[in-house]
Amino acid sequence: MRYLGIDYGSKKIGLAVSDESGRVAFPLQVIPNTKKLLAEVVAICRQENIAKIICGLSLDFSGQDNPIAKEAKDFCNQLISEINLPLEFENEFLTSVFAGQISPQNKEIDARAAALILQRFLDRTKNNS
């Protein structure tokens with residue numbers, strides 16, 4: 001089962017995919033947040049044979065939604081309506097910071113953050129099975 005991880009941002013979206021066994025997440029790409037975003041992500045889901053979507057949920061230090069959280073939820077809900085796949089949200093707390101520490105000069109930080117979000121989900125669900 002392949003998963004797609006999403007790190008939603010107002011300007012760019014980071015994407016990551018899992019391996020076929022759903023154990024390891026890999027950065028995929030960063031795409032601009034434009035009017036074409038939904039169609040582009042739908043095409044990627046089909047191309048990569050995605051079975052489930054994991055969307056990063058942006059929370060503040062008190063565990064409440066950040067301002068971008070509503071946009072991310074709205075986008076991910078539109079996406080699953082379009083492609084009819086299961087969706088789960090995963091806390092993305094500090095993933096962009098950690099992604100920047102892994103590779104500070106890399107322009108693909110958002111894709112690395114998406115991979116961290118997805119890997120958190122995979123690790124958490126693997127431990128709960």
Side-chain angles (χ1 to χ4, degrees):
M1 174 184 232
R2 290 198 72 181
Y3 297 84
L4 178 75
I6 300 175
D7 179 36
Y8 184 90
S10 60
K11 295 180 184 174
K12 332 178 245 182
I13 310 303
L15 300 174
V17 293
S18 75
D19 63 335
E20 287 293 332
S21 67
R23 293 180 186 213
V24 181
F26 301 96
L28 181 63
Q29 69 185 82
V30 177
I31 55 178
N33 188 344
T34 66
K35 292 180 181 186
K36 298 177 185 178
L37 178 64
L38 185 62
E40 289 180 55
V41 177
V42 166
I44 289 167
C45 286
R46 290 184 176 133
Q47 177 183 345
E48 297 291 333
N49 297 316
I50 299 300
K52 188 171 198 172
I53 297 167
I54 310 304
C55 185
L57 186 58
S58 185
L59 304 174
D60 63 21
F61 286 104
S62 65
Q64 302 300 311
D65 286 358
N66 277 342
I68 196 77
K70 182 180 179 343
E71 283 182 49
K73 286 178 182 178
D74 289 347
F75 170 75
C76 288
N77 286 323
Q78 287 176 351
L79 177 61
I80 61 164
S81 292
E82 184 76 24
I83 199 156
N84 195 27
L85 290 174
L87 166 73
E88 287 198 44
F89 291 96
E90 183 70 24
N91 187 345
E92 67 174 46
F93 188 69
L94 294 178
T95 54
S96 293
V97 172
F98 295 143
Q101 291 174 340
I102 292 168
S103 183
Q105 303 304 320
N106 192 319
K107 295 180 182 177
E108 300 292 311
I109 285 176
D110 298 296
R112 291 187 188 284
L116 290 170
I117 292 164
L118 181 53
Q119 192 64 56
R120 278 184 186 172
F121 171 82
L122 297 173
D123 291 345
R124 181 176 55 79
T125 55
K126 178 179 70 172
N127 291 333
N128 288 338
S129 2

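Bear in mind that the values here come from a model prediction, so they are computed numbers and not experimental data. Note that these values count all heavy atoms, side chains included, but never hydrogens, waters or copies made by symmetry.
- Side-chain contact between Gln119 and Leu122: present, with at least one pair of heavy atoms (C-beta onward) separated by less than 4.5 Å.
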Check against side-chain contact (heavy atoms from CB on, under 4.5 Å), Val42 and Leu79: CA-CA 7 Å; Val42 166; Leu79 177 61; 3.7 Å; yes
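- A distance of 9.5 Å separates CD1 in Ile68 from CG in Asp7, rounded to the nearest 0.5 Å.
- Interatomic distance, CD1 of Ile50 versus CE of Met1, reported as 10.0 Å (0.5 Å rounding).
- Put simply, CG on Leu57 and NZ on Lys73 are 5.5 Å apart, with the number rounded to the nearest 0.5 Å.
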Stepwise side-chain contact (heavy atoms from CB on, under 4.5 Å) test for Val41 and Ile31: CA-CA 9 Å; Val41 177; Ile31 55 178; 3.8 Å; yes
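- Residue pairs meeting the side-chain hydrogen bond (donor to acceptor under 3.5 Å, both in side chains) criterion with at least one member in residues 13-26, sequence neighbours excluded, are Asp19-Ser21.
- The heavy-atom pair separating Ile53 from Cys45 by the smallest distance is CD1-SG, 4.2 Å.
- Residues passing the side-chain contact (heavy atoms from CB on, under 4.5 Å) test with Ala115, sequence neighbours excluded: Ala16, Ala25, Pro27.
- Taken from CG in Asp110 to CZ in Arg112, the straight-line distance is 11.5 Å, to the nearest 0.5 Å.
- No option in Ile13, Leu87, Leu118 other than Ile13 meets the side chain to side chain contact (heavy atoms under 4.5 Å, CB included) test with Ile6.
- The side-chain hydrogen bond (donor to acceptor under 3.5 Å, both in side chains) analysis of residues 35-53, with sequence neighbours excluded, yields the pairs Arg2-Glu48, Lys52-Glu88.
- Atom CD1 of Ile80 is separated from atom CG of Leu85 by 8.5 Å, given to the nearest 0.5 angstrom.
- Considering every non-hydrogen atom in both Ala114 and Gly5, the closest pair reads CB-O, 3.7 Å.
- Rounded to the nearest 0.5 angstrom, Ile117 CD1 and Arg120 CZ are separated by 7.5 Å.
- Linking Ile, Leu, Val, Met, Phe, Trp and Tyr residues whenever their side-chain heavy atoms come within less than 4.5 Å leaves Val24 and Tyr3 in two separate clusters.
- In the hydrophobic clustering of this structure, Ile54 does not group with Phe26; members are Ile, Leu, Val, Met, Phe, Trp, Tyr whose side-chain heavy atoms approach within less than 4.5 Å, directly or through other members.
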Test log, rule side-chain contact (heavy atoms from CB on, under 4.5 Å), inputs Tyr8 and Cys76: CA-CA 9 Å; Tyr8 184 90; Cys76 288; 5.8 Å; no
